[in-house]
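A note on names: the letters A, B, ... follow the listed sequences, proteins ahead of strands, and every chain is numbered from 1.
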Amino acid sequence: MKLLRAEISPHLEAILSQMGVDKAAWDPLLQPSREASQGDLTLPCFPFASILKKAPQAISDDLAEQFPSIEALLNVSSVNGYLNFTANPEWLADSVLSNQVDVGSALKNSGRTGENVLIEHTSANPNGPFHVGRARNAILGDTLVRLHRLHGDDVRAEYYVDDMGKQVGVLAWALENLSEDEVNELLSDREPPSERWLTKADHQRVRWYQAAQVLRKDADEDRKAQIENEIGTLVHASEHGDLGVLESFESAYTPVLDGMLATLSRLGISYDTFTKESRFVVDGTVADLMSTLDALEIAGTADNGAGFLDLGQRGLKGKTEFFYRRGDGSSLYATRDVAYHMWKWGESNRLVNVLGEDHKLQAKQVGLTLEELNQKRPEVLFYSFIKLPEGKMSTRRGNVVFMDDLLEEAHAQASAVVRELRPEYDDEKVAKIAEAVGTAAVRFNIIKVSPEKGFTFRWEEALAFEAGSAPFIMYAHTRACSISKRAGTLPTSPVQCPSVESMPEGLVELLRLMCTHNDVLERSVREQKAHLFALHMLELANAYNGFYRDCPVVRDGEVDGFAFSISEMARELMRSGLEGLGITPIEEM
RNA sequence: GGGCGUGUAGCACAGCUGGAUAAUGCGUCGGCCUCCUAAGCCGAAGAUCGCGGGUUCGAAUCCUGCCACGCCCGCCA
């Protein structure tokens, strides 16, 4: 709790420096207490024992004895060599009510911190609809964008469009060369596309892509060779910046990308800028980059003229050659990525990328290359893949759960719950709530676990609406909203903080949680760990429920001014926090 | 074979810059709607923190060996 730390640090410093322990030694030890029953901040005194030649318990006793009584503290106690500080709930209440806790906004850049950060996420190949495997990137990335904004950073969300290379090449070739009948014929052994998405271009066009993949694998040898040749020519042309080919690629993938973005938009995900990979080929920066790389000390040339850097000399283990130019002189994906990063450094002074764990090696190579060019390397958030219980997802094989289907199902199930719980709501209201709840549950299910953890998608977990899920937090928020609406029409008593003795547990817990809110957000943003904030929001909602249980705001037609103020502050915190997680903070559910 | 990551109650998951009784949800068992929305609240049971060594006053956390699982090791993207 930063607020409390600021209050007690000067006193600790005075006492400890007199005893001969400097701040550098104790400051990092002062940390949040493990258990609420132990207090809010704890200083373990064991490390001082050898310096002071005294038993830890004697030291903490001493410190507790000498610590002055200050307004912010209810109590300082010494237990088993730990010095425990418990905040005074009245002081906590005062901090909350005097706006020491920032509510913030996740929806716009405020520039409060003066930091600007460019977050690149998703950047999925525009070759087919979004499936839940790809969605982890987008949800993680978008949440990071929102949390940085909530924290007060200026953020730009960027989508790097892979508009050249094989994937798009295959799509473009298929659309040009295969008829609808041929596509249906080639995919006859697969499940037919869902009726529901017949008009959505990503679902439609992916069939051409899949059909082409079937042909490339199963056609007779002559046909296969011919296809490879044709696609190869296209890809080659795109990599040399052939504008005609790039244009045909663009008209092939644009409707697909639009469809993908429509799906993401339903999840509340959007981007500020799109940058096309081809841009760096067309404007010549990739060519320039390759000559710069050629001149590096660690550059080498293969027999056929291909260029590489020997990153082994810079500490890379395993395969140390990093190829940046093919034998035919064209660039590779990674080369363009280096160019792209150099450009990004010109746009922002903090770069964050969200990437799947399969990109680790490549990211390392790009990072080392950037350093070789005297550039900084970006911060990268890696995540593990989402699997299905049956195994890995693959667009090519058609073994996927489409995000569109998941969202439809989430909406339908949420809708059924609302109808059961609130039979009096009309259709429009039910639909609105179901959409917010359904998409929130899907997002939260992914955000709440740490990214490096492997993740198996299970319908029943994605669609859980109970404690531990997004609807739980949303529900606490609607309780606060409902109080807010009701209290506005009633007479209100003056804001008078109750004495410590008469404060119920639920109130104290809520105050403590609210006072750590900004701390958790800051750490979450600094370490790029959205799940920490997600779990904190769960605790905040839980604490609000405790407050709701213990502190009636409206009693006998009169509003308790103090309880109402606290409730309002909690409501604001929950609202902005929900927005930070990409959850629509609805007022009724 | 090499590199990176993961392994915590029946299931899922937090804690990992070393600190006191390993947090939470689902599931299980029991209780609470004349009172601000019960998508809620209260209580109970449930953990050799993958296994073995080491460092330390103190190890789920650090080091090391082993085991299991995932990802990567293309002049693909």
Side-chain angles (χ1 to χ4, degrees), chain A residues 28-29 31 33-35 37-38 42-47 49-50 55-56 79-82 84 125 127 162 164-169 235 277 302 304-308 316-321 323-328 330-334 336-337 356-362 364 382 384-385 387 392 414 417-418 420-422 433 437 448-450 452-456 458 460-461 464-476 478-487 490 506 531-532 535 538-539 541-542 545-546 548-556 559 563-564 567 588-589:
Chain A
L29 293 170
Q31 56 200 272
S33 307
R34 197 183 184 82
E35 302 279 325
S37 62
Q38 291 158 351
T42 292
L43 182 72
C45 297
F46 306 91
S50 59
V79 185
N80 301 330
Y82 294 89
N84 292 330
N125 281 320
N127 62 349
D162 207 346
M164 49 193 293
K166 200 132 248 171
Q167 306 245 6
V168 194
V235 171
E277 188 182 342
N304 65 353
F308 64 86
L316 189 70
K317 305 236 175 75
K319 194 205 172 226
T320 61
E321 289 172 344
F323 280 89
Y324 58 85
R325 190 184 53 227
R326 292 196 183 91
D328 70 4
S330 65
S331 62
L332 288 110
Y333 177 83
R336 289 167 234 140
D337 207 23
E357 60 179 340
D358 56 337
H359 282 68
K360 276 186 181 177
L361 175 60
Q362 144 113 21
K364 191 160 200 171
F382 292 106
S384 294
F385 290 116
K387 303 183 293 272
K392 208 174 144 180
V417 172
V418 182
E420 193 192 324
L421 262 26
R422 315 278 182 250
I433 295 169
V437 168
K448 73 173 179 189
V449 321
S450 52
E452 67 276 12
K453 200 81 104 182
F455 187 101
T456 301
R458 292 189 179 85
E460 62 275 22
E461 278 164 26
F465 298 153
E466 301 144 306
S469 73
F472 175 82
I473 309 171
M474 298 168 85
Y475 186 69
T478 63
R479 281 180 151 176
C481 288
S482 136
I483 288 175
S484 187
K485 264 181 225 144
R486 228 180 124 203
L490 297 168
H531 70 285
L532 294 180
L535 296 168
L538 237 24
E539 286 178 37
N542 188 37
N545 284 333
Y548 184 88
R549 174 193 72 220
D550 291 346
C551 292
V553 172
V554 180
R555 199 173 352 212
D556 304 326
V559 176
F564 183 46
S567 178
E588 282 178 294
M589 62 187 275

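Atom CD in A:Gln38 sits about 6 Å away from atom C1' in B:rA20, given to the nearest Å. In this structure, CG of A:Asn125 is placed 10 Å from P of B:rA77, rounded to the nearest angstrom. The CD-P distance, from A:Glu539 to B:rU24, rounds to 9 Å in whole Å. Atom NZ in A:Lys360 sits about 13 Å away from atom P in B:rC73, given to the nearest Å. Straight-line distance from the CG atom of A:Leu43 to the P atom of B:rA20: 14 Å, rounded to whole Å. The nearest whole Å value for the distance from the CG atom in A:Leu538 to the C1' atom in B:rA39 is 13 Å. To the nearest angstrom, P of B:rA59 lies 12 Å from CZ of A:Phe46. Taking atom CZ on A:Phe472 and atom P on B:rU24, their separation rounds to 12 Å, with Å as the unit.
Under a 3.5 Å cut-off, the side chain of A:Lys453 and the backbone N or O of A:Phe455 do not form any donor-acceptor pair. The backbone N or O of A:His359 lies less than 3.5 Å from no partner atom in the side chain of A:Gln362, so there is not a single donor-acceptor pair. A donor-acceptor pair is defined here as one N or O able to donate and one able to accept, closer than 3.5 Å; such a pair exists between the side chain of A:Arg326 and the backbone of A:Ser331.
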Dot-bracket notation for RNA chain B, counting Watson-Crick and G-U pairs under 3.5 Å, with | for partners on another strand = (((((((..(((......[....))).(((((.......))))).....(((((..]....))))))))))))....

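When the side-chain nitrogen and oxygen atoms of A:Asn127 are compared with OP1 and OP2 of B:rA77, none of them lie within a distance under 4.0 Å. Contact annotation: A:Lys319 reaches the phosphate of B:rC75 (side-chain N/O to OP1 or OP2, under 4.0 Å).
Across all strands, A:Met589 comes closer than 4.0 Å to base atoms (heavy-atom distances). Across all strands shown, A:Asp337 has no heavy atoms under 4.0 Å from either base or sugar-phosphate atoms. Within the nucleic acid shown, A:Pro47 comes within 4.0 Å of at least one base atom, counting heavy atoms only. Note on A:Leu490: nothing from the nucleic acid sits closer than 4.0 angstrom, heavy atoms only. Nucleic acid contact class of A:Ala302 (heavy atoms, under 4.0 Å, all strands): base. No contact: A:Val168 has no heavy atom under 4.0 Å from any strand. Looking at heavy-atom distances under 4.0 Å, A:Arg422 makes contact with a base.
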Which atom pairs link the protein and nucleotides 63-69 of chain B when you take only N or O atoms and keep those under 3.5 Å?
none

What protein N or O atoms touch nucleotides 32-36 of chain B N or O atoms at under 3.5 angstrom, if any, and at what distances?
unit_1	atom_1	unit_2	atom_2	d
B:rC36	O4'	A:Arg486	NH1	3.3
B:rC36	O2'	A:Ser482	OG	3.4
B:rC36	O2	A:Val553	N	3.4
B:rC36	O2	A:Val554	N	3.2
B:rC36	N3	A:Val553	N	3.2
B:rC36	N4	A:Tyr548	O	2.2
B:rC36	N4	A:Cys551	O	3.4

Which pairs, protein N/O on one side and nucleotides 10-16 of chain B N/O on the other, fall under 3.5 Å?
unit_1	atom_1	unit_2	atom_2	d
B:rA14	OP1	A:Ser450	N	2.8
B:rA14	OP1	A:Ser450	OG	2.4
B:rA14	OP2	A:Lys453	NZ	2.6
B:rG15	OP1	A:His531	NE2	3.2

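Interatomic distance, A:Ile473 CD1 to A:Thr478 OG1, rounded to the nearest 0.5 Å: 12.0 Å. Summarising the geometry, atom NE2 belonging to A:His531 is positioned 6.5 Å from atom CG belonging to A:Leu535; distances are rounded to the nearest 0.5 Å.
For B:rG7 and B:rA14, the P atoms lie 8 Å apart once the distance is rounded to whole Å. As rounded to the nearest Å, B:rU34 and B:rG27 have P atoms that lie 24 Å from one another. Remark: the separation of the C1' atoms in B:rC62 and B:rC49 is 16 Å, to the nearest Å. Across the P atoms, B:rA23 and B:rC16 are found 15 Å apart, a figure rounded to whole Å. Separation of the P atoms belonging to B:rC67 and B:rA60 is 24 Å when rounded to the nearest angstrom. The P atoms of B:rC69 and B:rC32 are separated by 49 Å, rounded to the nearest whole Å. A distance of about 48 Å separates the P atoms of B:rG3 and B:rA44, rounded to the whole Å. Across B:rG43 and B:rC26, the matching P atoms stand 14 Å from one another, rounded to whole Å.
No side-chain heavy atom of A:Arg422 sits under 4.5 Å from any side-chain heavy atom of A:Glu588. Annotation: side chain of A:Phe382 is not in contact with side chain of A:Glu452 (no heavy-atom distance under 4.5 Å).
Open room surrounds NZ on A:Lys317; 12 or fewer heavy atoms of other groups in view lie less than 6.0 Å from it. Counting heavy-atom neighbours within 6.0 Å of A:Glu460 CD, excluding the residue itself, gives a total above 12. Annotation: A:Arg555, atom CZ; neighbour count of heavy atoms from other residues, nucleotides and ligands within 6.0 Å does not exceed 12. Heavy atoms of other residues, nucleotides or ligands lying less than 6.0 angstrom from NZ of A:Lys364 number 12 at most.
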inquiry  = Walk me through whether A:Asp162 and A:Gln167 qualify under side chain to side chain contact (heavy atoms under 4.5 Å, CB included).
reply    = CA-CA 9 Å; A:Asp162 207 346; A:Gln167 306 245 6; 5.8 Å; no

task = In sequence, state the C-alpha distance, the side-chain angles, and the governing distance for A:Thr456 and A:Glu461, and then conclude on side chain to side chain contact (heavy atoms under 4.5 Å, CB included).
result = CA-CA 10 Å; A:Thr456 301; A:Glu461 278 164 26; over 6 Å; no

request  = Apply side chain to side chain contact (heavy atoms under 4.5 Å, CB included) to the pair A:Val168 and A:Asn127, showing each step before the final yes or no.
outcome  = CA-CA 6 Å; A:Val168 194; A:Asn127 62 349; over 6 Å; no

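Among residues two or more places apart in sequence or in another chain, the ring-ring contact (aromatic ring centres under 6.0 Å, His included) test is passed with A:Phe46 by A:Tyr82. Remark: A:Phe465 pairs with no residue by the ring-ring contact (aromatic ring centres under 6.0 Å, His included) rule, at least two apart or across chains.
For the pair A:Asn80 and A:Gly468, both in contact range of RNA chain B, the more 5′-proximal nearest nucleotide belongs to A:Asn80. With the nearest nucleotide of RNA chain B identified for both A:Ala414 and A:Phe385, A:Ala414 has the one nearer the 5' end.
In plain terms, the two heavy atoms of A:Phe472 and A:Glu466 that are nearest each other are CB-O, 3.6 Å.
Put simply, the side chain of A:Asn545 and the base of B:rA38 share no donor and acceptor less than 3.5 Å apart. On a pure distance criterion of 3.5 Å, a polar donor-acceptor pair joins the side chain of A:Asn304 and the base of B:rC75. Between the side chain of A:Gln362 and the base of B:rA77, at least one donor-acceptor pair of N or O atoms lies under 3.5 Å.
Considering only the side chain of A:Glu277, B:rA77 comes nearest among B:rA77, B:rC72, B:rA39.
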